[in-house]
Amino acid sequence: MISYYNDGLKKVVGDEKISFDILQSLIKANPNTELIEQLHSEAYKSERYVAMKKQLPCVKPHGIFDIIPTKNKKGEVINTAVLKQLSGYLYFDIDKNKIECEVELYKEFILQEYADKICMLGKSVGGRGVFFLVKATGITKENFNEVHQYFREIVFKKLPIDTEALGIARNFIIPMDEKLYIDKSIEVDVSDCKINNENNKKGIKQYKKKEEERGCIVRDTLTSFITIDILLKKLRFKTAVDVGDADYIIKPVEFVQMFVPKVITDGKKHKTFRSMINHLMFLNPDITLFEVHSYINFINQNFTNDSPMGRTEMMRTVAAEFERITETGEKFVKTRIKKVHTNSKLSGKDRNIIANQQNGKLRKDNSFEIIEASIEVLIAMEMEVTPIEIFKTAKGNISLPTIKRHYKTVLEQIEMKKQAEIKTATKAKIVNKQNNTLYAIQGNSKRVSDRDLHDMTDEELGIVPWDVLRTKETIFKSQIDLHKEYGANRTAAIKLLEKNTERSVSFRFIF
DNA sequence: AATCTTCTCGCAACCGAATC
DNA sequence: GATTCGGTTGCGAGAAGATT
């Protein structure tokens, strides 16, 4: 039983008592709903707010008290509460200023950590703070203060419990909370709760100090993680590749993506969390420990199949890895070269289709290149262009069936290119009015507009008359020799040639 | 991490025509 | 008539990206 005062703090008098079952009902279905709702609309701690709050009925949760009028030093008569009988419950509250998340969420957080100790948990009368009760066996008038302190500082060390009103006779304004949490079976033996344990105190101090050194305070980290929607907006989870308005772009990018398994099973949490921290820090170089804690906390709560790692353990794991990375700079992330990047505005299915098609095309283009290079060598060496010859020239860079599949298409492409070159050369010939001369085009023929064509010299166009070219015959021959020596790799052969002669010498002949 | 989707490649078997 | 070679086809492997 506990003392009950119908007139509230305004007038704490009388000897009315209620049971905890009644208290529970009063909170769940508060008869003063209207007044309390009105209170919520007032500015917190404003004059009107305080006045209204004082009118609401309250209890002394720690027991039954006699209200005895006594004289103070000045000789004024004041009411003193004298303990008659302990209720066996310990009352704690947390001020709304210490809670940054939604209050129901915070209640959940408290239960996740302390459901084995708390028998009642609800919102406070202001609607934003919380209170909770611990049913304590072994509590006495003598050990009350020490036990209460023990719970505040050691058992509930993660919670920013209000220390404004600590006395045994403290009042508790009956709040309104239809979602009040009750578990009558929870009882805690407090006989051994002694504050004289120096190691404990020291441990807490050290932990706090360490946290402060890292730039965040224990209390804040533990009570008000950044909510996930804010984190999702702020943090990067994969390498950013700007595709602009295009559906996709092709660009080799060293790509990193953080992976969040749908379910992180037991035994994999440490490993997974550590990997995630590495990715987060790699992708967000300025990320703070607080942000990492907040994010991993969210994952721990939502992706562990309802069996999250203990909060302390989680915080420790995160902090340790964060420190290691900060100190060593080593971030263990798996990067890969991603070539096709699709526009995130497209649907997942479309993006997948595009990526597959483009990757297929890249692969095919590569085969085409190998085949084309081999064919060019064969032509230069005046050999027959057959799949088997191409295969031999390609020296294992491509399989025979693939060559058979594509070589005709490649031949067509080569033919088309040649036609284009002839066109350019013909144009150039007309421009130069040297119709009876044999020309060669050095390197790849240039694509120029008709207008530019008039103004460009032969040299600029890469047009070389045969007479001039003949003097370079030795170079041409040596190129073929190199092809014979090095096979299909035309680029390599030409490069070697460049090394020897210090000039670029790829020629095509136009007849 | 595992799975799905889409695509190309490589392999092997096969067919038919050309060649020896 | 046997062998060689070009061309086709089915099937599984593997690559890359997206999804869950």
Side-chain angles (χ1 to χ4, degrees), chain A residues 228 232 236-244 246-280 282-283 295-296 298-307 309 332-375 378-379 383-414 488:
Chain A
I228 190 64
L232 289 178
R236 215 165 249 313
F237 301 100
K238 58 181 172 191
T239 309
V241 181
D242 184 22
V243 298
D247 283 353
Y248 66 90
I249 57 163
I250 310 280
K251 182 182 174 188
V253 172
E254 195 176 10
F255 189 81
V256 172
Q257 181 160 26
M258 192 187 76
F259 169 67
V260 183
K262 206 158 183 211
V263 174
I264 306 167
T265 47
D266 281 343
K268 283 186 180 171
K269 291 191 194 101
H270 283 88
K271 204 180 156 209
T272 310
F273 288 170
R274 265 199 293 273
S275 161
M276 290 169 81
I277 297 164
N278 276 276
H279 281 81
L280 277 176
F282 182 88
L283 289 159
Y295 185 79
I296 300 293
F298 173 78
I299 299 299
N300 191 31
Q301 296 304 325
N302 294 288
F303 292 79
T304 48
N305 203 18
D306 289 334
S307 64
M309 183 189 281
F332 299 121
V333 292
K334 223 195 260 172
T335 64
R336 67 189 165 95
I337 304 296
K338 191 182 172 191
K339 284 171 261 177
V340 181
H341 311 276
T342 53
N343 195 321
S344 59
K345 285 174 193 159
L346 298 170
S347 76
K349 186 153 172 68
D350 284 348
R351 296 178 75 181
N352 199 199
I353 289 171
I354 290 171
N356 288 328
Q357 284 172 344
Q358 292 308 315
N359 273 309
K361 190 170 177 294
L362 286 174
R363 218 176 154 192
K364 201 161 84 176
D365 286 351
N366 184 46
S367 298
F368 273 40
E369 266 175 39
I370 295 171
I371 294 170
E372 190 185 340
S374 301
I375 290 177
L378 291 172
I379 290 172
M383 287 171 73
E384 213 181 338
V385 180
T386 64
I388 288 184
E389 285 308 316
I390 296 171
F391 182 67
K392 283 183 200 158
T393 316
K395 302 218 160 156
N397 287 321
I398 192 168
S399 78
L400 189 55
T402 309
I403 293 168
K404 286 178 178 176
R405 246 181 211 137
H406 297 309
Y407 88 103
K408 281 202 164 169
T409 316
V410 176
L411 273 173
E412 277 171 27
Q413 286 180 2
I414 291 173

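What's counted below: heavy atoms across the whole structure, side chains too, no hydrogens, waters or symmetry copies. Residue numbers begin at 1 in each chain, while the letters A, B, ... track the order of the sequences.
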Euclidean distance, atom CZ of residue A:Phe259 to atom P of C:dG17 [Å, nearest integer]: 17 Å

If I take atom CE in residue A:Met258 and atom C1' in nucleotide C:dT20, what distance separates them, rounded to the nearest angstrom? 15 Å

Can you name the nearest heavy-atom pair linking A:Ile264 to A:Ile299, along with the distance? CD1-CG2, 3.5 Å

Using whole Å, what does the distance between atom P of nucleotide C:dA16 and atom NE2 of A:His341 come to? 12 Å

Between CG of A:Leu280 and CE of A:Met258, what distance do you get to the nearest 0.5 Å? 5.0 Å

Separation of B:dA1 P from A:Met276 CE (nearest whole Å): 12 Å

Just the rounded figure in Å: distance from C1' of C:dT20 to CD of A:Gln257. 12 Å

Considering all heavy atoms of both residues, which atom of A:Ile296 and which atom of A:Met276 are nearest to each other, and what is their separation? CD1-CB, 4.1 Å

